[in-house]
Structure formats: structure tokens, C-alpha cells
Amino acid sequence: MPELPEVEVLVRHLRPQLQGQKISSVVVHRERVLAGTPVRKFVQTLTGTTFASLSRRGKYLLFELVAPNRAKSFTLVGHLGMTGRMYLLPAKAPLPKHAPVVFGLGDQKFVFEDTRYFGRLTLDPGAVEKLGPEPLDGEFTPEIFEQALKRSSQPIKVKLLDQSVVAGVGNIYASEALFLAGISPRIASRKLKKPQILLLWKAIRQVLKAAIRGGSTVSLDYTGVGERDGLFYFGSQPGESKTYEERLHVYDRAGKACPNCGSEIKRLVQAARSTFYCPQCQGRGAMSLSRREDRKRRR
DNA sequence: CACCATGTTCCTTG
DNA sequence: CCAAGGAACATGGT
């Protein structure tokens with residue numbers, strides 16, 4: 001369940017559950033997810049420590065742990081990959097089929113489930129250090145964004161997936177942000193003019209915030225027991241009305257009508273990933289976002 | 001069997 | 001050294 005909004009909602013959900021919990025045991029079922037940390041070191045370092053706090057950086061979860069003597073604290077870095085989930089279960093509950101790492105917490109256990117094993121739990125902070133600015137923080141300014149785009153010939157959609165440009169945008173929200181900004185996913189990053197960069201900068205933040213808002217209001221099943229799987233961005237549940245802002249407008253909607261102009265949403269492949277867009281709203285001569293907003297207000 | 005999937009890293013090429 | 005493109009990783013759904 002992996003882009004910035006989903007990770008943010010998960011972090012908020014887990015924080016109160018983990019705070020103060022002591023790790024009594026560590027079981028690693030798939031060494032690969034430790035990303036280079038040797039199993040022995042991982043188990044030795046974590047056993048007996050206590051969860052002090054939990055935060056997020058881009059799509060990464062940062063677990064702050066303190067040693068038994070409270071002398072030193074350190075960070076356990078988590079990433080959900082494509083299919084990762086994290087949740088608590090009763091100690092005696094059966095484990096899911098793919099659970100690369102499980103922490104015993106007394107009468108409960110903290111499970112890292114990941115069918116595809118693309119996720120990570122590691123003591124290596126390397127990946128986090130390479131991340132670009134946090135999109136919802138002050139460090140991500142239009143000027144910084146412009147600097148990051150100005151020398152690249154890559155299509156803007158591909159550039160938005162580059163975590164050193166801005167941390168946390170993934171395949172879904174890259175398409176969504178470009179749609180909201182009325183910008184073609186194919187345009188070379190360096191070709192974007194200042195006004196467009198500002199529109200895109202705003203759109204990224206707006207799309208991520210709306211998704212966090214939407215995700216926070218949906219009742220999620222993080223335990224993995226029910227049918228709900230925590231993928232809150234896919235459609236709304238029966239009886240749950242989402243605002244226009246909180247729905248996906250183009251992602252996975254190829255062949256359907258653009259919610260803005262009614263023309264057909266298209267899919268294209270860039271850097272081996274699907275991109276969804278409205279050729280009308282995001283083509284040459286497309287009406288700008290501000291123009292669309294003006295129109296909406298008049299109705 | 002084919003193709004698709006919310007992500008990142010490594011290798012090659014220029 | 002850097003930028004960019006593509007394969008690899010691994011499992012499951014349609």
C-alpha cells in the first residue's frame with residue numbers, strides 16, 4: 001500500500017499501538033528484506049529494545065527504538081515496496097503466508113507482511129539519506145522544484161517518480177498531480193515554464209493532502225483478516241462518499257470518461273510504468289487549472 | 001500462457 | 001563523474 005499518503009496514514013495508525021512496546025523476539029523469515037543487514041546483527045540489535053516513536057520520510061517508515069538501558073536510540077527503517085503491510089496481531093494468531101519479519105511483543109506480535117518481498121526492514125539508513133525534499137514541508141519550495149527539473153530531458157511523469165526530486169510521489173499520484181495541473185506527462189522536465197512548475201508544485205501537494213485526508217476517514221483493516229486490504233485509494237466503499245478532490249481522476253481509468261471534460265482517458269507506458277492522462281485536459285492548449293477553477297466557481 | 005500490478009536498485013550504455 | 005534506459009527482484013490476479 002505504498003505511496004506517501006498511504007504510508008502517512010499507516011504511521012498515524014501504528015504510532016499509538018507501538019509506542020512503549022518492547023520487542024521480546026525477532027524472527028526473520030526472508031533475509032533479503034533486511035537489505036544487507038546481517039540476520040544476526042538485526043536480531044541482536046532489536047531484541048529487548050522498545051518502540052519510542054514512529055515517523056515518516058517519503059515512503060519510508062522510521063521506527064525509533066531505545067535499548068533496554070535507555071542509553072542509546074537508533075532507527076529501524078521500513079519500506080512497504082509494492083505489497084507490504086504492517087499490523088499487530090494476537091501472539092497466538094496464525095501468520096500470513098508471506099511474512100518476512102515478525103516481532104514478538106508479549107501478548108501481541110508486530111507483523112511485516114509482504115507478498116512480493118519488495119519491501120524492506122533494515123538498519124541501513126542509506127536509502128533515506130538520498131531522498132529529496134518532503135513535499136508537504138517547507139523545504140519543498142517552487143524554486144527548489146524548478147532547480148531539480150531544469151536540466152533534465154526526462155518526461156515530467158518519469159521525473160516525478162525520482163525520489164531525489166521530491167520524496168514520496170509514486171505512480172498513482174504522479175499521474176493524478178499532472179492531471180490536476182493540466183500538464184502532459186510526456187513533456188521534457190526542462191521544457192516546463194515557471195507558471196507550469198508552480199501549478200504542478202501546488203498540484204502535488206494538493207493531491208497528497210487530499211489522499212491523506214481521504215485515507216484517514218476510511219475505516220481500514222490493517223490486520224489483514226478481513227476483506228479490506230488498506231488500499232484506500234482504490235474507489236470508495238459502499239456508503240462512503242468521497243469528495244471530488246479525494247477521488248482518483250485518471251489513474252487506472254483508461255477508456256473511461258475524463259471527469260473534467262468527458263473525453264477518453266488514455267494509458268501510455270513510460271519507463272516501464274503505466275501513465276494515465278486526459279489528452280484533452282493535458283494536451284497542448286489545454287485549459288489551465290486556474291481557468292477550470294474559475295469555471296467551476298461560476299457554476 | 002499472456003500481461004498487469006502502489007517500488008527500488010543494479011547494470012549497461014552513452 | 002553523470003544521465004538515462006532497461007532488466008531484475010517475486011508473487012499473485014485477471
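Lettering follows sequence order; numbering is per chain, from 1.
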TODO: State whether a side-chain donor-acceptor pair under 3.5 Å links A/E6 with A/Y173.
DONE: yes
Open item on the list: If the cut-off is 4.0 Å, is A/S153 near the phosphate of C/dA4, judged by side-chain N/O to OP1 or OP2?
Closed with: yes
Task: Among B/dA5, C/dG12, B/dT8, the nucleotide that comes nearest once only the side chain of A/H79 is considered - done: B/dT8
Task: Donor + acceptor pair across side chains of A/D124, A/T37 (<3.5 Å) - done: no
TODO: Take the protein atom CD of A/Q163 and the nucleotide atom C1' of C/dA4, then report the distance between them rounded to whole Å.
DONE: 17 Å
Task: NZ/NE/NH1/NH2 to OD/OE distance under 4.0 Å, A/E3 and A/K59 - done: no
- [ ] Confirm from the modelled atom types if A/R116 and B/dA5 form a donor-acceptor pair under 3.5 Å, side chain to base only.
- [x] yes
TODO: For the side chain of A/A127, starting at C-beta, report the closest nucleotide among B/dT9, C/dG12, B/dG7.
DONE: B/dT9
Task: Given B/dT8, C/dG12, B/dG7, the nucleotide with the shortest approach to the side chain of A/K97 - done: C/dG12
Task: Interatomic distance where CE belongs to A/M82 and P belongs to B/dA5 [whole Å] - done: 8 Å
Task: Sidechain N-carboxylate O distance under 4.0 Å for A/E146, A/K150 - done: no
Open item on the list: Would you say A/K130 places a side-chain N or O within less than 4.0 Å of OP1 or OP2 belonging to B/dT8?
Closed with: no
Task: Between B/dT8 (P) and A/L34 (CG): distance, integer Å - done: 18 Å
Open item on the list: Below 30° counts as parallel, above 60° as perpendicular, anything between as tilted: where do the rings of A/F110 and A/F51 land?
Closed with: perpendicular
Open item on the list: If the cut-off is 4.0 Å, is A/K159 near the phosphate of C/dA3, judged by side-chain N/O to OP1 or OP2?
Closed with: no
- [ ] Pick base, sugar-phosphate or nothing for A/A271, based on heavy-atom distances below 4.0 Å to the nucleic acid.
- [x] nothing
Open item on the list: Whether A/H98 contacts C/dA10 is assessed here as follows: a side-chain N or O lying under 4.0 Å from the phosphate OP1 or OP2. Is that the case?
Closed with: no
Task: Centroid distance under 5.5 Å and plane angle under 30°, A/Y117 vs C/dA10 - done: no
Task: Euclidean distance, atom CG of residue A/L161 to atom P of B/dT9 [Å, nearest integer] - done: 13 Å
- [ ] Round to the nearest Å and state the distance from A/D114 atom CG to C/dC9 atom C1'.
- [x] 11 Å
- [ ] Name the nucleic acid region contacted by A/R32, choosing base, sugar-phosphate or nothing; use a 4.0 angstrom heavy-atom cut-off, strictly under.
- [x] sugar-phosphate
- [ ] Verify the contact: side-chain N or O of A/Q154 to OP1 or OP2 of C/dA3, cut-off strictly under 4.0 Å; return yes or no.
- [x] no
Task: Rounded distance in Å - CZ (A/R273) to P (C/dA4) - done: 18 Å
Task: Residue A/N171, side-chain atoms from C-beta onward, closest of B/dG7, C/dG12, B/dC4 - done: B/dG7
- [ ] Hunt down the Watson-Crick or G-U wobble partner of C/dA10, both distances under 3.5 Å, from any strand shown, or write none.
- [x] none
Task: A/S152 side-chain N/O to C/dA3 phosphate OP1/OP2 under 4.0 Å - done: no
TODO: I would like to know whether A/Y87 and A/E113 meet side-chain hydrogen bond (donor to acceptor under 3.5 Å, both in side chains); could you show each step before the answer?
DONE: CA-CA 8 Å; A/Y87 47 83; A/E113 176 184 6; 2.4 Å; yes
Task: P atoms of C/dA10 and B/dC11, separation to the nearest Å - done: 15 Å
Task: A/R30 vs C/dT11: side-chain N/O to OP1/OP2 distance below 4.0 Å - done: yes
TODO: Take atom CG of A/D162 and atom P of C/dG6, then tell me their distance rounded to the nearest Å.
DONE: 16 Å
- [ ] Could you check how far CZ of A/R267 sits from P of B/dA5, rounded to whole Å?
- [x] 5 Å
